[in-house]
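In each ligand, atom 1 is the first atom listed, and ligand 1 is the first ligand listed. Numbers here simply count residues along the sequence, with the first being 1.
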Amino acid sequence: MRKIVTIVGARPQFIKAAVVSRQIRKNSELEEIIVHTGQHFDTNMSAIFFDEMDIPRPDYNLEINSISHGAMTGRMLEEIENVLQQEKPDIVLVYGDTNSTLAGALAAKKLHIEVAHVEAGLRSFSMKMPEEINRILTDRISDILFCPTQKSVENLHAEGFGKHIPVRLELVGDVMYDAALFYSSSAVQKSSIIEKLSLKPHEFVLCTVHRQENTDDEERLRAIMEGLNQLSKQGSIVFPMHPRTRKIIEEIGIKLDFKPIEPLGYFDIVELLKKCKYVITDSGGMQKEAYFFEKGCFTLRDETEWVELVGHGVNRLIHPVEDNISGIVQNHMFNTEGFNKKLYGNGDAGEKIVNKIIQY
Ligand code: UD1
């Protein structure tokens, strides 16, 4: 029997871990202990995903949130170390690019426990992003790097991984694609969001904004909301608002001409992705999910880690301040042929990850 400790803490990690956990549970040689750092804690940001996606209850909830980056990462490091000393796992699994990812990897590595990083090798090349710092450091101290895309493999090779940095590097595809395929039919049955919000299918825009680079820069945040206000004159905008964004909009007093809603669970988001006209977002996950459901995506960022989407003409970057958001959104044509490509694997990334861990 081999023991895996899975570290999660933020919304996108629950979706990713759901896929891998399901595969782990199929295997009688493996035991999984789930540690929730508590980074995301509202019901709509956390518990709803465990319920909908049938993720086992966390064995530990560290309840660390709402403090500065340094304090959060430091406290997580200390508490995760305690858990790892108690559990003595063979391997620690971390996901993505949050403070929970870095803290989990660092705590494990200092105890000489093997670390596997799911969604390795992504780069925005902007060291101003907390996510970029977390990714680079996590990759550097991991023993197995599970890469979602060809580009992520190339990024790691360019940094010397697999050459002078000895590590196992595996191109497995994207676990979020597995999730989209697996939960897509349950979403139709279990979500009534289209009726609840009285939406006309294919006539509304789905929008999310939460990145620190947008929310903590007043000029950018005002430009984004002004762009959305203009677009709301042309049709409905469905905007499930992240608590970070809501807090700042209220603090600085930005007026919205449309009514944002509370964050939604996975089934509702999938249903909205299927039925929307297009997506406007600064989220990493939503850019890919738009592609899985064949929707064009406008990304409110200066760069993206998912460069293949831009390359295939299905994602358009918009600089919130320098570009005219509503002008671009209303006039842009996406390349629908770009949706025919299998950019994120075959939907079996979770299975491949677990098989590789067993071999390792
Ligand atoms: C974090 C990740 C980011 C990821 C995102 C997904 C880091 C550095 N950032 O950003 O990579 O894309 O999650 O959503 O780890 N809050 C609530 N309720 C919640 C969760 C958060 O009120 O359930 C508040 C917090 O108190 C905080 C703010 O929202 O004030 C931001 O939360 P935080 O966890 O710091 O980062 P995210 O912006 O969610």
> Which ligand 1 atoms does H242 reach within 4.0 Å, using its non-hydrogen atoms?
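The list of qualifying atoms is 14 (O), 29 (O), 37 (P), 38 (O), 39 (O).
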> Out of T73, I133, T98, D97, whose heavy atom sits nearest atom 2 (C) of ligand 1?
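Minimum heavy-atom distance to atom 2 (C) of ligand 1 goes to T98.
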> Is the charged tip of R168 near the ring of Y360: under 6.0 Å from the six-membered ring centre and within 45° of its axis?
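Geometry flag: not set, cation outside 6.0 Å or 45°.
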> Please name the residue in the list T304, T299, N315 that meets the side chain to side chain contact (heavy atoms under 4.5 Å, CB included) test with L309.
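Per the side chain to side chain contact (heavy atoms under 4.5 Å, CB included) rule, the option paired with L309 is N315, out of T304, T299, N315.
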> Does anything in residues 142-151 pair up under salt bridge (Lys or Arg N to Asp or Glu O under 4.0 Å), and if so which pairs, sequence neighbours excluded?
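For residues 142-151, and leaving out neighbouring residues, the salt bridge (Lys or Arg N to Asp or Glu O under 4.0 Å) pairs sorted by first residue read K109-D143.
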> What protein heavy atom is closest to atom 18 (N) of ligand 1, reported as residue, atom name and distance in Å?
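Scanning the protein heavy atoms, the shortest distance from atom 18 (N) of ligand 1 goes to D42 OD2, 2.9 Å.
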> So do the side chains of L93 and I24 get within less than 4.5 Å of each other, counting heavy atoms only?
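The answer is yes; the side chains approach within 4.5 Å.
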> When you measure from atom 37 (P) of ligand 1 to each heavy atom in M129, H40, M76, R246, which option holds the nearest one?
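That would be H40.
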> Is the shortest N/O to N/O distance between R211 and ligand 1 below 3.5 Å?
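It does not: no N or O of R211 is found under 3.5 Å from an N or O of ligand 1.
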> Determine whether R2 and I358 make a side-chain contact, defined as any pair of heavy atoms from C-beta on separated by less than 4.5 Å.
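Yes, side chains in contact.
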> Verify, without hydrogens or angle tests, whether H312 (side chain) and E308 (backbone) share a donor-acceptor contact under 3.5 angstrom.
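A pair under 3.5 Å: yes.
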> Below 4.5 Å, heavy atoms only, C-beta onward: do S126 and E132 meet side chain to side chain?
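They are not in contact (no side-chain heavy atoms under 4.5 Å apart), so the answer is no.
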> Which part of S100 is near ligand 1, with near meaning a heavy atom under 4.0 Å away: side chain, backbone, both or neither?
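Answer for S100: neither.
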> Do the ring planes of Y291 and Y344 sit parallel (below 30°), tilted (30 to 60°) or perpendicular (above 60°)?
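Aromatic pair Y291/Y344 classed perpendicular.
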> I'd like to check which ligand 1 atoms, numbered from 1 as shown, lie under 4.0 Å from a non-hydrogen atom of P243.
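Close to P243: 16 (N), 17 (C), 18 (N), 19 (C), 22 (O).
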> Just going by heavy-atom distances, which of R244, M72, Q13 is nearest to atom 38 (O) of ligand 1?
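Residue with the shortest heavy-atom distance to the ligand atom: R244.
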> Looking only at N/O atoms, are H69 and ligand 1 under 3.5 Å apart anywhere?
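No; every N/O pair is 3.5 Å or more apart.
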> Applying a heavy-atom cut-off of 4.0 Å, say which part of Q212 lies close to ligand 1: side chain, backbone, both or neither.
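For Q212, no heavy atom sits under 4.0 Å from ligand 1.
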> Minimum distance, heavy atoms only, to atom 12 (O) of ligand 1: which one of M45, Q39, H210, R135 is it?
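Nearest heavy atom to atom 12 (O) of ligand 1 lies in H210.
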> Give the numbers and elements of all ligand 1 atoms closer than 4.0 Å to a heavy atom of K247.
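Answer for ligand 1: 26 (O), 27 (C), 30 (O).
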> Using a 4.0 Å cutoff against the non-hydrogen atoms of S66, which atoms of ligand 1 qualify?
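With S66 as reference, the close atoms of ligand 1 come out as 25 (C), 26 (O).
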> Is the centre of the F14 ring less than 6.0 Å from the centre of the H40 ring?
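Between F14 and H40, the centre distance exceeds or equals 6.0 Å.
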> Among all the protein's non-hydrogen atoms, which is closest to atom 6 (C) of ligand 1, and how far away is it?
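It is P12 CD, 3.5 Å.
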> Quick check: N134 and ligand 1, any N/O pair under 3.5 Å apart?
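For ligand 1, there is no N or O atom that lies under 3.5 Å from one belonging to N134.
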> Running the 4.5 Å side-chain criterion over Ile, Leu, Val, Met, Phe, Trp and Tyr, what cluster does Y60 land in, apart from itself?
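Via sub-4.5 Å side-chain contacts, Y60 links to V5, I7, I33, V35, L62, I64, I67, M72, M76, I80, V83, L84, V92, V94, L111, I113, V115.
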> Looking only at protein heavy atoms, which one is nearest to atom 11 (O) of ligand 1, and what is the separation?
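So the nearest neighbour among protein heavy atoms is E131 CG, 2.9 Å.
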